[in-house]
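Throughout, protein chains are lettered first and strands after them, A, B, ... in sequence-line order, and every chain is numbered starting at 1.
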There are 2 protein chains.
Amino acid sequence: MHNAVEAIDFAELVRKAGLRPTRQRLSLARQLFLNGDRHVTAEQLHSESLGQGFGVSLATVYNTLHQFTTAGLLRELVVDAGRSYFDTNVSAHHHLYFEDSGELRDVPGDNVTIGDLPALPDGAEISRVDIIIRVKNGDGTS
Amino acid sequence: MHNAVEAIDFAELVRKAGLRPTRQRLSLARQLFLNGDRHVTAEQLHSESLGQGFGVSLATVYNTLHQFTTAGLLRELVVDAGRSYFDTNVSAHHHLYFEDSGELRDVPGDNVTIGDLPALPDGAEISRVDIIIRVKNGDGTS
DNA sequence: TAGTTTATTAGAATGATTCTAATTTAACTT
DNA sequence: AAGTTAAATTAGAATCATTCTAATAAACTA
Ligand SMILES: [Mn+2]
Ligand SMILES: [Mn+2]
Ligand SMILES: [Zn+2]
Ligand SMILES: [Zn+2]
């Protein structure tokens with residue numbers, strides 16, 4: 001788990017993912033992992049970058065998010081048709097989705113249990129289980 | 001529950017949804033509900049219609065699917081970014097998603113139990129819980 | 001440093017979905 | 001049944017997140 005107490009070596013993080021530690025990837029990694037758990041869209045991360053005076057193309061933001069996801073640093077979530085969120089928390093957990101605000105919040109993984117599943121076809125295996133609890137009429141503010 | 005044993009009065013079904021029983025809506029309702037549970041995309045339903053010699057515009061397919069969903073006749077599912085499925089089974093159940101083939105299959109609702117949920121903000125309520133079990137390396141064939 | 005591979009980027013392309021505005025149809029009223 | 005009105009259908013344009021292309025730039029290796 002990443003946290004702000006011990007410094008993170010972003011260059012090492014990126015290299016371990018099999019990627020070159022470019023200026024863009026290091027900045028994006030910092031934005032994503034420096035302050036703990038986040039759920040962001042590509043557009044959000046992009047405009048956040050620009051707001052911090054760090055120019056990066058939207059294409060690179062998409063490329064980087066997918067590369068980090070493939071490397072296991074991020075998890076991709078689909079809550080709305082036509083928009084992907086990327087989650088910096090890759091451990092087992094599920095989500096509360098506030099339909100009004102679009103906010104995603106974590107639910108500890110042990111709050112949900114899955115019983116018997118139907119038999120899977122030969123060779124098939126579960127790649128992941130996504131559980132999204134959709135909430136309406138709430139603003140997502142604690 | 002709709003089934004093929006007792007005939008369904010589609011005109012009544014559509015009227016009860018507060019909609020005029022047009023030729024288009026009656027045909028689409030027949031395709032959706034005549035032969036039991038289905039998980040379809042708008043594009044699938046549209047080309048299926050054309051294949052049956054029944055011309056309907058894609059706009060009307062989208063309109064009808066959303067109207068049926070609002071009326072509680074269908075449930076919209078998001079499994080992939082950028083593509084919505086519509087489920088004719090609106091009772092409590094969850095889904096097995098075959099990532100390779102794109103097939104969706106039902107999982108009985110009582111195979112999954114959700115324990116304690118985090119407290120929700122005032123006024124918030126759960127609109128629904130979506131559980132998608134993603135399967136890879138399976139062709140979806142029984 | 002020179003050569004090689006990988007990454008970044010602007011802008012075009014894609015594809016599902018939505019929108020617009022014109023035409024057609026269903027339902028209702030004489 | 002004909003006329004009237006509200007609702008529905010439609011072709012095509014528009015949207016918008018995402019992906020692609022192909023040219024430039026930066027990172028690594030020898
Ligand atoms: Mn993706
Ligand atoms: Mn929709
Ligand atoms: Zn999360
Ligand atoms: Zn289903």
When you get a sec, tell me which of [options] is the closest nucleotide to the side chain of [X]?
X     : options               : result
B:R25 : D:dA8, C:dG11, C:dT18 : D:dA8
B:S84 : C:dT17, D:dT10, C:dT9 : C:dT17
B:Y62 : C:dT8, D:dT10, C:dA16 : C:dA16
B:H66 : C:dC19, C:dT18, D:dT9 : C:dT18

Please report the distance, rounded to the nearest Å, between [atom1] in [X] and [atom2] in [N].
X     : N      : atom1 : atom2 : value
B:N63 : C:dA16 : CG    : C1'   : 15 Å
A:F54 : C:dT9  : CZ    : P     : 7 Å
B:D80 : C:dT17 : CG    : C1'   : 15 Å
B:L65 : D:dT9  : CG    : P     : 12 Å
B:R83 : D:dT19 : CZ    : P     : 13 Å
B:L45 : C:dA16 : CG    : P     : 15 Å
B:Y85 : C:dT17 : OH    : C1'   : 15 Å
B:H46 : C:dA16 : NE2   : C1'   : 13 Å

Are the charged groups of A:R134 and B:D130 less than 4.0 angstrom apart, N to O?
yes
Can you list the residues that meet the ring pair (Phe, Tyr, Trp, His ring centres under 6.0 Å) rule with B:H95, with sequence neighbours excluded?
B:H39, B:H93
Please tell me whether A:Q31 and A:R38 have a donor and an acceptor in their side chains that are separated by less than 3.5 angstrom.
no
Assign each of B:V61 and A:G82 the nucleotide of DNA chain D bearing its closest heavy atom; nearer the 5' end lies the nucleotide of B:V61
Show which residues join B:V78 in its hydrophobic cluster (side-chain heavy-atom contacts under 4.5 Å, direct or indirect), or state none.
A:V78
Enter the distance from A:Y85:OH to A:L65:CG here, rounded to the nearest 0.5 Å.
13.5 Å
Output field: ring centroids B:Y62/B:H46 closer than 6.0 Å:
no
A:T64 or B:L58: which one's nearest nucleotide on DNA chain C is closer to the 5' end?
A:T64
Is there a side-chain contact between B:L104 and B:L96 in this structure, where contact means two heavy atoms from C-beta onward sitting under 4.5 Å apart?
no
Under a 4.0 Å heavy-atom criterion, the protein footprint on nucleotides 23-30 of chain C, written with B, S and -, is ---BS---
A:Q67 side-chain N/O to C:dT6 phosphate OP1/OP2 under 4.0 Å:
no
